[in-house]
Amino acid sequence: MTRENTKGGVVVAMHLLAWALLGFVLVFYQPLSWGVSLPAVFWVKQILNFGLLVALFYFNSHYLVPNYLLKNRIFIFILCVIALVVLMLAVSKIADQQLEIRRHMEHIMPRPRHRGGPPKPRHIIDAILLMTTLLVIGVSTSMAVIQRWQADARLRDAVEKQNITSELALLKAQINPHFFFNTLNNIYALSYTNVEESREATLTLSRMMRYLLYETQQDVAPLSREFAFIDDYIELMKLRVQSSSNVQYTRDEPVPDYPIAPMLLLPFIENAFKHGINASQQSEISIHAGLSNGALKLHVENHIFPAQNVAGAESGGIGLSNTRRRLDLLYPGKHRLEIHTDERANTYTVDLTINLT
C-alpha cells in the first residue's frame with residue numbers, strides 16, 4: 001500500500017468516526033435521554049435530517065467554498081448558503097407533514113399549555129435544526145478554507161525547495177570549474193620550475209577531482225573528507241608560493257564526521273592564495289579549521305596587495321559570491337560569516353562559523 005493510499009484511508013476513517021460521533025449526538029442521544037418510547041417515524045425523520053446535514057457539509061466544502069468563497073465571489077456564496085438553509089428547513093417541514101410526526105408525538109409528549117388555556121402554538125421554524133445547520137455549514141467552510149491554505153503552503157514549499165535545489169546545482173556547477181581552471185594554471189606554472197613536484201601536484205589534483213566528481217554530487221559529505229580535500233589543496237598551493245611567502249595551516253584532530261555541504265570552505269582559502277601572495281613582497285597566509293561544540297570554525301587571514309586585487313577582483317568574485325549564497329540557502333540562521341579588511345595593516349580576514357548539529 002502506497003503512502004498516499006494510507007493517508008487517504010486515515011482521512012476517510014477520521015471522517016467516518018467524526019460523523020458517527022456527531023450522528024449519535026444528533027440522532028440518538030437527546031431523544032433517548034427523554035425516557036419515552038418514540039415511534040419509528042420519528043427515527044426516520046432524525047436519520048433523514050442527519051443525511052441532509054452530511055450532504056450539506058460535503059456540498060459546501062467541495063463545491064461552494066472552492067468555486068465561490070475562495071474565488072472572492074462572496075455575495076454568491078452567501079446567497080447559496082441562505083438558500084441551502086431554507087431548503088434544509090423546508091425539506092424537514094415537508095417530512096414532518098408527510099410522516100405526520102406531530103400527530104404521533106402528541107400522543108407521547110403533549111404540547112405545553114398556557115396557564116389554564118389552550119396549548120402553546122408550535123414554532124414555524126425549528127430553531128434547533130436551524131442552529132445545527134448553521135454549525136455544520138460553519139465547520140464545513142472552516143475545514144475547506146484550512147485545507148486550501150495547507151495545500152497552498154505545501155505547494156509553495158515544494159516550489160521553493162525545487163528552486164533551491166536548482167539554484168544550488170547551478171552554484172556548484174559554477175564553483176567547480178572555477179576551482180579547476182585556477183588549479184590547472186598553478187600546475188602549469190609549476191611545471192616550468194620543478195617537473196617532479198608538478199607530477200606530485202598532478203596526482204594530488206586527481207585525488208581532489210575524484211572527490212569533486214563523486215562526493216560533491218551528494219547534498220552532504222563527511223567533514224573529514226572535506227578537510228582532507230582542503231589539506232590537499234593547501235599542500236598543492238604551497239608548492240608554487242615563493243620563499244618570501246609564509247603559509248601557516250592548522251586544524252583540529254580528530255575530525256568527527258559531521259555531514260556538511262561540500263565545497264563551502266575552499267572558496268575562502270582559494271581567495272587567500274589568489275589575492276594574498278605577491279612575488280616581490282613579503283606575504284603571509286594563516287588558516288585554521290576546527291570544531292567547537294558541534295560548530296565548524298574557519299579562520300583565514302592574508303595580506304592584501306591593492307595593485308593586484310584591482311585586476312583580480314572581477315575574476316575572483318564568482319567563488320565567494322556563490323559561496324555566500326549557498327550558505328544562505330543551506331544554513332539559514334545557522335551560520336555566521338564575518339569578513340574584515342584592515343587597510344592600515346593590509347590584511348583580509350574571514351571568520352566563518354557553521355552550526356553542524
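None of the values given here were measured: they were computed from a predicted structure. Numbers for residues simply follow the sequence, beginning at 1.
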Margin query: Donor-acceptor pair, distance only, cut-off 3.5 Å: does the side chain of S140 make one with the backbone of I137?
Written below: no
Would the distance check show the side chain of D232 and the main-chain N or O of M208 forming a donor-acceptor pair, the cut-off being under 3.5 Å?
no
*Trace of the side-chain contact (heavy atoms from CB on, under 4.5 Å) decision for I285 with I277*: CA-CA 8 Å; I285 296 177; I277 299 294; 3.6 Å; yes
Can you check whether S61 reaches M143 side chain to side chain, under 4.5 Å on heavy atoms?
-> no
When you compare the side chains of D231 and Y249, does any donor N or O come within less than 3.5 Å of an acceptor on the partner? yes
CD (E196) and OG (S191) are apart, to the nearest 0.5 Å, by 13.0 Å
Do L130 and I82 share a hydrophobic cluster, counting only Ile, Leu, Val, Met, Phe, Trp and Tyr and linking them when any side-chain heavy atoms are less than 4.5 Å apart? yes
Any side-chain heavy atom of Y331 within less than 4.5 Å of one from I260?
yes
For P332 and L330 the tightest heavy-atom approach is CD-C, 3.3 Å
inquiry  = Counting C-beta onward and ignoring hydrogens, is there a side-chain heavy-atom pair between L223 and L291 closer than 4.5 Å?
reply    = yes
OG1 (T133) and CG (L53) are apart, to the nearest 0.5 Å, by 5.0 Å
On a heavy-atom basis, the closest approach of R148 and P66 is NH2-CB, 4.3 Å
Could you go through N302 and S286, starting from their C-alpha distance and side-chain angles, then the distance that decides it, and tell me whether this counts as side chain to side chain donor-acceptor pair (under 3.5 Å)? CA-CA 6 Å; N302 61 273; S286 176; over 6 Å; no
Q | Side-chain heavy atoms of H340 within contact of Y348, under 4.5 Å | A | no
In terms of heavy-atom contacts, V300 and A272 come closest through CG1-CB, 3.6 Å
**Study point:** From CA spacing to verdict: side-chain contact (heavy atoms from CB on, under 4.5 Å), I78, Y68
**Key:** CA-CA 9 Å; I78 294 175; Y68 297 105; over 6 Å; no
>> Keeping N67 on the side-chain end and Y63 on the backbone end, is there a donor-acceptor pair under 3.5 Å?
In response: yes
Side chains of E270 and Y233: does their closest heavy-atom pair fall under 4.5 Å?
yes
Dump the intermediate steps for side chain to side chain donor-acceptor pair (under 3.5 Å) on S283 and H303, then the final yes or no.
CA-CA 6 Å; S283 56; H303 283 102; 5.7 Å; no
State plainly whether one hydrophobic cluster holds both L79 and L89, where clusters connect Ile, Leu, Val, Met, Phe, Trp and Tyr through side-chain heavy atoms under 4.5 angstrom apart.
no
dist Y211:OH -> I230:CD1 (nearest 0.5 Å) comes out at 8.0 Å
Do L265 and M209 belong together in a cluster built from hydrophobic side chains that touch within less than 4.5 Å? yes
Lys/Arg-Asp/Glu bridge criterion (N-O < 4.0 Å) met for R336, D351 = no
_Check for me, please, whether L203 and F229 land in the same ILVMFWY cluster - side-chain distances under 4.5 Å, paths through other members count._
no
Next item on the list: Apply side-chain contact (heavy atoms from CB on, under 4.5 Å) to T141 and V139, showing your working.
Entry: CA-CA 5 Å; T141 302; V139 173; over 6 Å; no
Check whether any side-chain heavy atom of E284 sits under 4.5 Å from a side-chain heavy atom of S245, and report yes or no. no
In terms of heavy-atom contacts, G290 and F227 come closest through N-CZ, 4.3 Å
Donor-acceptor pair, distance only, cut-off 3.5 Å: does the side chain of H275 make one with the backbone of N271? no
query: Are the side chain of R326 and the backbone N or O of M263 linked by a donor-acceptor pair below 3.5 Å?
result: yes
Fill in: Same apolar cluster: V220 and L356, side chain cutoff 4.5 Å
no
Closest non-hydrogen contact found for P262 with E226 is CA-OE1, 3.6 Å
Review point. So, do L298 and V350 sit near enough that their side-chain heavy atoms are less than 4.5 Å apart?
Key: no
CZ (R324) and CZ (F268) are apart, to the nearest 0.5 Å, by 7.0 Å
Practice item. Start with the C-alpha distance between L296 and L352, add both sets of side-chain angles, then the distance that settles side-chain contact (heavy atoms from CB on, under 4.5 Å), and finish with yes or no. Key: CA-CA 8 Å; L296 168 65; L352 173 64; 5.8 Å; no
Between T357 and N355, do the side chains contain a donor N or O and an acceptor N or O under 3.5 Å apart? yes
Item checked: Minimum side-chain heavy-atom gap R207-T204 below 4.5 Å -> yes
- Query: So with a 6.0 Å cut-off around CD of Q248, is the heavy-atom count from everything else above 12?
  - Reply: yes
Between the CD atom in E197 and the OG1 atom in T202, the distance rounded to the nearest 0.5 Å is 11.5 Å
Here the gap from I234 atom CD1 to R251 atom CZ, rounded to the nearest 0.5 Å, amounts to 9.0 Å
